[in-house]
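A quick write-up on the structure given underneath.
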Amino acid sequence: MALKGVTAPRTAFFGSNARMKMQVAAVARPTVNRQVVKSQAFFGFGSGGNKSTTVAAAPQYYICVDCGYIYDRGDFKKAPDSYKCPVCKSAKSRFKVYKGAVKGKPSNTGAALQQRFKARQW
């Protein structure tokens with residue numbers, strides 16, 4: 001099937017001419033000193049990063065918004081869903097991240113609870 005206005009023979013595209021390979025001269029590349037690159041994949045997975053240089057994060061405290069009690073028994077997210085505030089018996093969903101400053105172990109005495117509840121630092 002011939003196309004109107006096209007004069008190139010079919011063999012120019014599909015024949016033996018297309019199979020000819022050009023010889024490429026080898027190009028001398030300069031030598032480069034390559035260094036090992038340390039990388040770390042997204043979200044902290046994979047290799048890389050020196051684990052001993054990471055700074056331990058300060059403990060994150062959670063406060064009961066109903067009474068001011070601060071949860072200080074470790075990781076609050078690992079507490080069971082059935083956890084209730086020991087002071088006012090509020091559900092775990094009533095705890096929020098405490099934004100106030102805590103030096104050492106938080107005090108959960110009556111006066112401290114009232115002071116934190118009035119300050120509303122959550």
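Model, not experiment: these values are computed from the prediction. Note: hydrogens, waters and symmetry copies are ignored here, and every other heavy atom, side chains too, is used.
- Here the shortest heavy-atom pairing between K92 and K77 reads NZ-O, 3.6 Å.
- For residues 94-115, the salt bridge (Lys or Arg N to Asp or Glu O under 4.0 Å) pairs, not counting sequence neighbours, are D66-R94.
- Nearest heavy-atom pair, Y61 versus G104, reported as atom, atom and distance to 0.1 Å: OH-O, 3.5 Å.
- Within 6.0 Å of atom CG in D75, more than 12 heavy atoms from other residues, nucleotides or ligands are found, so the atom counts as buried in its surroundings.
- Across every non-hydrogen atom of A112 and S107, the tightest pair is CB-O, 3.5 Å.
- In plain terms, the two heavy atoms of K84 and K89 that are nearest each other are CD-O, 3.8 Å.
- If you chain together hydrophobic residues whose side chains sit under 4.5 Å apart, F117 and V65 fall into the same group.
- Residue Y71 is grouped with residue V87 when hydrophobic side chains (ILVMFWY) are merged at heavy-atom distances under 4.5 angstrom, including chains of intermediate members.
- Under the salt bridge (Lys or Arg N to Asp or Glu O under 4.0 Å) criterion, D72 pairs with no residue, sequence neighbours left out.
- Between P86 and Y69, some side-chain heavy-atom pair lies under the 4.5 Å cut-off.
- Here the CZ atom belonging to R116 is positioned 5.5 Å from the CD1 atom belonging to I63, to the nearest 0.5 angstrom.
- Sorted by first and then second residue, the pairs that involve residues 91-111 and meet ring pair (Phe, Tyr, Trp, His ring centres under 6.0 Å), not counting sequence neighbours, are F76-F95, Y83-F95.
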